[in-house]
Amino acid sequence: MRRSEPVPVGVQRTPTDVEGHDGPLAEFSALRQEIQELIKAQQQLLSLQLTVSATIFGFAISRSGMRACC
């Protein structure tokens with residue numbers, strides 16, 4: 001569809017129907033993918049940190065000779 005053509009009732013234009021949106025949509029998709037990858041990396045790092053902390057804490061409390069206070 002061209003911009004000059006009327007849109008039939010009940011039909012919505014998709015971004016690919018409108019000229020000039022391919023560039024911004026591609027940029028948006030690339031940025032969104034990059035953000036999702038960063039979030040995934042942060043979640044993996046947090047999981048690793050929690051696992052290591054829990055392992056160290058579990059090892060520390062399992063030793064009978066070690067006491068936290070007095």
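We're numbering straight along the sequence, starting at 1. Just the heavy atoms: all of them, side chains too, but no hydrogens, waters or symmetry mates, feed the values below.
Taking CD1 from I56 and OG1 from T51, the interatomic distance works out to 11.0 Å, rounded to the nearest 0.5 Å. For the atom pair Q42 CD and Q44 CD, the distance stands at 11.0 Å (nearest 0.5 Å). The distance from the CD atom of Q33 to the CG atom of L38 is 10.5 Å, given to the nearest 0.5 Å.
Counted within 6.0 Å of CD on Q36, heavy atoms from surrounding residues, nucleotides or ligands total more than 12; the atom is thus considered enclosed.
Inter-residue side-chain proximity for T55 and F59 is flagged as unmet; no heavy-atom pair is nearer than 4.5 Å.
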